[in-house]
Structures are given as structure tokens and as C-alpha cells.
Amino acid sequence: PVTAPAQAPPMLVENARVWTNDSAGHEATSLLIADGRIAAVGTAASPVEAPAGASRIDLGGRRVVPGFNDAHTHFFEGAFAVLSPDLLSSDTPEELVRRLEAFAETQPPGRWIVLPASWDHELWPGHPIPSRQLIDPATPRNPVWMVRPDGHIGVANSLALEAAGVDRDTPDPAGGQIDRDAAGEPTGILRDASGLVTRVIPPPTE
């Protein structure tokens, strides 16, 4: 015969700040868990009554939130982010260039520098979007592809554009845009057009 697993006794969490996702912003102060589920929440004015045999936990006013479950994970991107410089916290374009240059100096010539979620111009005074003119002096030996956290805008340096064959005569892809300067030359800013560059980036080796 198969024996059903024994259920844990009820547990009352009290003296807490329980986030309930209430549209009015109300919070609970107590929470009863029974049979592995939230059975009830209560407030200071109307607390949850603990059933017989329930264990009690006094949180001393600390916060209770639902479990954080991430079912959408980019393992490769996360791993490469650990190996990449922290450019995202740069608070000016100049600081981004300084960090990028320091990292590029550690890379062998010709190796692609691919930086996902690497810059956020909304953090910078005036919100200028970085261009190849900004990052070229810091990366004279390596093709560079940098992407904004939302994935919709990327910046390629001149070596990356050359490797991808993107020049003044390259048409905008369907649904995307190649930013160009007054002379019609690509600035390196690609909007929803990352495929122009990513198609020529060598796959990672073992």
C-alpha cells in the first residue's frame, strides 16, 4: 500500500507586514498556512486565529512576500554577464568608456566583445545614446556589440560594423533602423536591427 505523506501542521505567521497585492494597498499582519497553502490573512484589527496544534512565528514586523519564481532564464547570457565588465551602472558616457577601455585592454586583438544589457543612457545627463564615435577610441583592436537592457537598441563600433558589412549603402531591415549621421554614415546605433551584427559574431567556444 502507498502511504500518503503526512501534512505539516498549520503555521501562523504573525506580527508581520504581509504583501497581499491588494489593489487598495492594504496589507495583512498575520498569515495562516495549512496543508501547504495560504488559508487566511488577517489584520491588526481582525487577526487570524491559530487552530489547535499550529506553530507560531513572530516576525517582529518584517516583510512577507510571495515566492519569486523565474521560469524564464537566460543561462548563457547570465554567465557571460558575470565575465563582462559592469558598464550598466556607469553614470556618464565617459565612465562607460573608461570601464570599456579597461576591459578591452585585457582581451586579445580581434576577439569580439559582446556585452548584453550593458548601458542605460537614461541614467546619463541629457540621455545621449552611445555611438561608435564614442566607443571607437576605447576599442581599436576588438569588434564590439553592446546592447541596452531592453534589447531593442544596440551599439556596434566601427570594427563590428565593418565585419558585418554595414555601411552607408546598407538598407534598414524590415521593422528596424540604422541610425545615420548627417553625412549618411552609420553611427553604430541599431534599433531593432541587431541581426545585422549578431549574424557575424562567432559562436562561443567550449
Side-chain angles (χ1 to χ4, degrees), residues 67-206:
F68 294 110
N69 301 286
D70 183 3
H72 184 110
T73 304
H74 296 263
F75 288 107
F76 272 2
E77 288 83 351
F80 283 122
V82 172
L83 299 174
S84 300
D86 173 21
L87 304 184
L88 190 56
S89 65
S90 302
D91 54 6
T92 64
E94 293 76 18
E95 178 60 16
L96 178 139
V97 169
R98 186 191 69 77
R99 297 182 188 185
L100 177 60
E101 183 174 26
F103 178 74
E105 289 176 351
T106 69
Q107 303 300 300
R111 175 181 290 175
W112 275 80
I113 297 176
V114 181
L115 303 169
S118 58
W119 53 275
D120 183 358
H121 63 282
E122 295 295 338
L123 301 176
W124 302 342
H127 316 306
I129 297 178
S131 64
R132 66 179 175 87
Q133 288 86 354
L134 177 71
I135 64 176
D136 272 356
T139 56
R141 307 181 307 165
N142 303 86
V144 175
W145 174 241
M146 302 167 48
V147 183
R148 200 171 68 172
D150 63 8
H152 288 284
I153 302 180
V155 177
N157 71 351
S158 292
L159 291 178
L161 291 177
E162 181 181 354
V166 176
D167 57 26
R168 64 181 298 124
D169 297 320
T170 304
D172 289 346
Q177 176 182 311
I178 302 170
D179 280 20
R180 307 171 194 271
D181 60 22
E185 297 293 338
T187 64
I189 300 169
L190 304 180
R191 303 173 189 265
D192 288 318
S194 61
L196 293 175
V197 172
T198 57
R199 63 186 173 81
V200 299
I201 297 175
T205 65
E206 292 290 339

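We number each residue from 1, following the sequence as shown. Everything numeric here is computed off the predicted structure, so don't read it as measured data.
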key: Flag side-chain contact, heavy atom, 4.5 Å: L134 against V155   = no
inquiry  = Using only atom types and a distance under 3.5 Å, with no angle test, would you say the side chain of R148 pairs donor to acceptor with the backbone of H121?
reply    = no
Sidechain-backbone polar pair: R141 side chain, Q107 backbone, donor-acceptor under 3.5 Å = yes
key: Beyond-backbone contact of D91 with L123, side-chain heavy atoms, under 4.5 angstrom   = no
inquiry  = Looking at every non-hydrogen atom in both residues, tell me the closest pair between S90 and W124 and how far apart they are.
reply    = O-NE1, 2.9 Å
task = Check whether any side-chain heavy atom of P173 lies under 4.5 Å from a side-chain heavy atom of L190, and answer yes or no.
result = no
ask   = Counting only heavy atoms not in E162, do more than 12 fall under 6.0 Å of its CD?
value = no
ask   = Less than 4.5 Å apart, any side-chain heavy atom of V97 and any of L100?
value = no
request  = Determine whether W119 and I153 make a side-chain contact, defined as any pair of heavy atoms from C-beta on separated by less than 4.5 Å.
outcome  = yes
message = Using modelled atom types and a 3.5 Å cut-off, is there a donor and acceptor pairing between side-chain atoms of D172 and backbone atoms of I178?
response = yes
ask   = Going by heavy atoms in the side chains, are V144 and L159 under 4.5 Å from each other?
value = no
key: Check: R99/S118 side-chain N/O donor and acceptor closer than 3.5 Å   = no
ask   = Is the side chain of R191 donor-acceptor paired with the backbone N or O of D179 at a distance under 3.5 Å, no angle test?
value = no
remark   = Scanning both residues in full, the closest heavy-atom pair of T170 with G165 reads OG1-O, 3.3 Å
query = What's the shortest heavy-atom distance between L115 and P85, and which atoms?
reply = CD2-CD, 3.8 Å
query = With a 4.5 Å heavy-atom cut-off, do N142 and F103 have their side chains touching?
reply = no
query = Between the main-chain N or O of R180 and the side-chain N or O of R168, is there a donor-acceptor pair closer than 3.5 Å?
reply = no
query = Taking C-beta and beyond as the side chain, do V114 and T198 meet within less than 4.5 Å on heavy atoms?
reply = no
inquiry  = So that I can tick it off, tell me whether R98 and E101 are bridged by a salt bridge, with the cut-off set at under 4.0 angstrom between side-chain N and carboxylate O.
reply    = no
